[in-house]
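All of these numbers come straight from a predicted model, not from anything done at the bench. We count ligands from 1, going down the list as the structure has it; atoms in each ligand are counted the same way.
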Amino acid sequence: MTTSIASQLELLQQEIAKSREKRVNFPDNVRLIAVSKRQPLDKIEEAYQCGHRDFGENFVQEGVEKIQKLDKSDIQWHMLGAIQSRKCKDIATHFDWVQSVDRLKVIKKLDQAREGSPPLNVCIQVNLFGEEQKAGVDSTSCFELAEAIQEAEHLTLRGIMALPPKQTEYEKQLAQFDKIAALYPQLSDKYPQVDTLSMGMSGDFEAAIAAGSNMIRVGTAIFGSRDS
Ligand SMILES: *Cc1c(COP(=O)(O)O)cnc(C)c1O
């Protein structure tokens, strides 16, 4: 059992390295977030035993339960799912990162709830392909939200997160990721602490990295399929 998650993590690191070789202008490392939503606690523990320290969850209640049960101060927990404003307090109390911020009200609530703790790391979720069923904002709103996060005392703007339409062909994946990546330098030039371009999942991380991603969020390729 231990070997499977360990070997998946190892395999992924090899594939990440291979994909990084394809790009010339993006020297960053690629940070791997293990997306553990709807995965049992023992699998997260297994990945932790392999030395993995970044985990992502989509549902606040499920995430908070796991965070409390595991009780490891050296894990960085990333909130990735849609945010209901009444859950902002739980998110700000228990998570280290929120990658799915997409409106002003949420920024205000997270900021208030984080008072007294180190700043919460925030990414703006962008949605550049007009997918109405998904969260995220267009590029104009992205810059408005960035300014609000910058002004918030208890939040640190780290970058953008994207979840583009599913494509099976590499060239189509790459074209979409290139479009998202074009937004990133505009943000990082304006806000020097911005260092995160979070894009790429199990099915498309190679193209995401080739386009400049420096953070990928991978679930099934590490843990196998999820409980429904
Ligand atoms: C579920 C999820 C992932 C991981 O998806 P896989 O296809 O299992 O790798 C990454 N990012 C977000 C925002 C997700 O909701």
Side-chain angles (χ1 to χ4, degrees), residues 4-5 7-16 19 30-41 43-44 46-47 50 52-64 66-67 75-84 87 91 95-103 106 110 121-129 131-137 142 145 158-170 172-173 176-177 180-181 183-184 196-228:
S4 81
I5 285 179
S7 58
Q8 284 309 104
L9 282 168
E10 206 170 294
L11 189 70
L12 262 169
Q13 292 297 355
Q14 288 167 12
E15 287 169 346
I16 290 169
S19 304
V30 176
R31 186 164 168 180
L32 172 63
I33 312 303
V35 180
S36 48
K37 65 180 176 210
R38 290 193 273 122
Q39 300 285 358
L41 216 57
K43 287 195 176 178
I44 303 177
E46 211 175 309
C50 299
H52 202 75
R53 294 294 181 267
D54 277 301
F55 294 90
E57 290 284 336
N58 281 54
F59 309 102
V60 177
Q61 196 183 331
E62 177 190 337
V64 170
K66 287 172 172 170
I67 292 167
I75 290 182
Q76 293 275 294
W77 289 97
H78 300 249
M79 170 64 189
L80 306 174
I83 302 173
Q84 296 170 282
K87 297 280 175 70
I91 295 170
F95 284 82
D96 304 286
W97 284 70
V98 189
Q99 299 200 15
S100 41
V101 166
D102 69 350
R103 60 194 192 277
V106 161
L110 289 172
N121 299 294
V122 171
C123 291
I124 299 164
Q125 183 171 350
V126 295
N127 180 342
L128 302 187
F129 303 93
E131 292 178 284
E132 303 214 336
Q133 76 280 16
K134 287 184 190 167
V137 296
C142 176
L145 296 185
R158 297 296 295 267
I160 53 182
M161 185 273 266
L163 195 70
K166 196 177 153 91
Q167 302 285 357
T168 46
E169 275 173 55
Y170 182 87
K172 286 186 180 162
Q173 294 172 351
Q176 292 185 154
F177 287 128
I180 302 158
L183 195 60
Y184 179 66
T196 303
L197 176 55
S198 173
M199 56 184 197
M201 321 202 298
S202 296
D204 57 14
F205 68 87
E206 289 100 336
I209 293 169
S213 169
N214 58 25
M215 181 183 279
I216 61 173
R217 312 172 311 269
V218 178
T220 46
I222 296 173
F223 296 113
S225 57
R226 290 181 271 273
D227 296 338
S228 47

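- Using a heavy-atom distance under 4.0 Å as the criterion, the protein contacts of ligand 1 are V35, K37, N58, L80, L163, M201, S202, R217, V218, G219, T220, R226.
- Using a 4.0 Å cut-off between charged side-chain N and carboxylate O, K37 and E62 make no salt bridge.
- For L163, the side chain to side chain contact (heavy atoms under 4.5 Å, CB included) criterion is met by Q125, K134, M201, R217, not counting sequence neighbours.
- Remark: side-chain polar atoms of Q173 are paired, donor with acceptor, to backbone N or O of Q167 under 3.5 angstrom.
- Residues passing the salt bridge (charged side-chain N to carboxylate O under 4.0 Å, His left out) test with E15: none are found, sequence neighbours excluded.
- R31 meets the salt bridge (charged side-chain N to carboxylate O under 4.0 Å, His left out) test with D54; sequence neighbours excluded.
- Neither side chain, S225 nor T220, offers a donor N or O lying under 3.5 Å from an acceptor on the other.
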